[in-house]
A.B. asks: 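Take a look at this one; I'll ask things after.
For the numbers below, each heavy atom of this structure counts, side chains included, while hydrogens, waters and symmetry mates do not.
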Amino acid sequence: MKKLWSVKTHQQVAGKFLLLCCLLLGYFSYLAYEYGFATGGMTALLTWSFFVLCTPIADAGFLLDFPLRVLFGVRMIMSEMVVWAIAILMNVTAVTFYAEAYATTVPTQLLYEIIMTPYPYWAVILLSAMGSFLSIRFGDELMDVLHHHDRAFFHSHQFKHELIVLTFFIVGLLGYYKLVEALGMEVL
């Protein structure tokens, strides 16, 4: 029965990942049609990097993190570090060689403003990193508990550890929303 659950879970994750890939391909196709292949491709990548660098939950990175964890056993914290490195390098390259691509969409314009205004807007990136890596840590711990890895440690230190992590997460989230409001964006 456990083997059947595992196969079914892998199929569901793979199916959702393929559906998401189709959505991203559709977004890229629209941008390529609207702005041309090169600018549309760069805009799609910069939009992805906006969601990696400027949202306090590991949403854009989680598109890769969770499927890699379920399908291949790669810890989500490791894949998230790679995702952040790629997003940062992509923006360094884009600002240096292709800054006009930032002018195409609202998220890319906002990303450019954040990148080009270190104080105070780089705090959005720092708070987003904190939130993203804390949410990925929760995901890794949940996967470990589900698979009975480190179960004794999780249960023996759960309250103290989780309370500290939750406090940092809430403080980071509140700070993030204050900075986003300072950028002139409407917060839910």
A.B. asks: Donor-acceptor pairs under 3.5 Å, side chain of residues 17-26 to any protein atom, not counting sequence neighbours: which ones?
C.D. replies:
none

A.B. asks: Starting at CE of M42, measure out to CD of E100 and round the result to the nearest 0.5 Å.
C.D. replies: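 The distance works out to 9.0 Å.
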A.B. asks: Find out whether M116 and V95 are in side-chain contact, i.e. whether some heavy atom of one side chain is under 4.5 Å from a heavy atom of the other.
C.D. replies: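 When only atoms from C-beta onward are counted, V95 and M116 do touch, with a gap below 4.5 Å.
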A.B. asks: Considering only Ile, Leu, Val, Met, Phe, Trp and Tyr, and joining two whenever side-chain heavy atoms are under 4.5 Å apart, list the other residues clustered with Y119.
C.D. replies: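 Y119 shares its hydrophobic cluster with no other residue.
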A.B. asks: Before we go on, tell me: are the rings of F28 and Y33 under 6.0 Å apart, centre to centre?
C.D. replies: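 No: the rings miss the under 6.0 Å criterion.
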A.B. asks: Check side-chain contact (heavy atoms from CB on, under 4.5 Å) between L45 and all other residues, then give those that pass, not counting sequence neighbours.
C.D. replies: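 Once residues adjacent in sequence are excluded, the partners of L45 under the side-chain contact (heavy atoms from CB on, under 4.5 Å) criterion are M90.
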A.B. asks: Do L53 and W48 have side chains that get closer than 4.5 Å, going by heavy atoms?
C.D. replies: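 With C-beta onward as the side chain, the pair stays apart.
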A.B. asks: Are S49 and L46 packed together at the side-chain level, in the sense that at least one heavy-atom pair is separated by less than 4.5 angstrom?
C.D. replies: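 Of all side-chain heavy-atom pairs linking L46 with S49, at least one is under 4.5 Å.
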A.B. asks: Going from OG1 on T105 to CZ on F50, what distance comes out if it is rounded to the nearest 0.5 angstrom?
C.D. replies: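 One finds 9.0 Å between OG1 of T105 and CZ of F50.
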A.B. asks: Using 0.5 Å steps for rounding, measure from the OG1 atom of T96 to the CG atom of N91.
C.D. replies: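 Here the rounded value is 10.0 Å.
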A.B. asks: Keeping to residues at least two apart or across chains, list the ring pair (Phe, Tyr, Trp, His ring centres under 6.0 Å) pairs with something in residues 88-114.
C.D. replies: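 Sorted result for residues 88-114: Y102-Y112.
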A.B. asks: Could you identify which residues cluster with Y30, counting Ile, Leu, Val, Met, Phe, Trp and Tyr as linked when any side-chain heavy atoms lie under 4.5 Å apart, either directly or through a chain of such contacts?
C.D. replies: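 Members other than Y30 - counting any ILVMFWY side chain reachable under 4.5 Å - are Y27, L31, Y35.
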A.B. asks: Quick check: do L111 and C54 have side-chain heavy atoms less than 4.5 Å from each other?
C.D. replies: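 Result yes, sub-4.5 Å side-chain heavy-atom pair found.
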A.B. asks: Using the rule given for side-chain hydrogen bond (donor to acceptor under 3.5 Å, both in side chains), can you reason through T108 versus T43, listing the C-alpha separation, both sets of side-chain angles and the distance that settles it, and then say yes or no?
C.D. replies: CA-CA 7 Å; T108 56; T43 301; 5.6 Å; no
A.B. asks: Can you name the closest pair of heavy atoms from S132 and E80 and give their distance?
C.D. replies: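 Looking at all heavy atoms of both residues, the shortest contact is CB-OE2, 4.0 Å.
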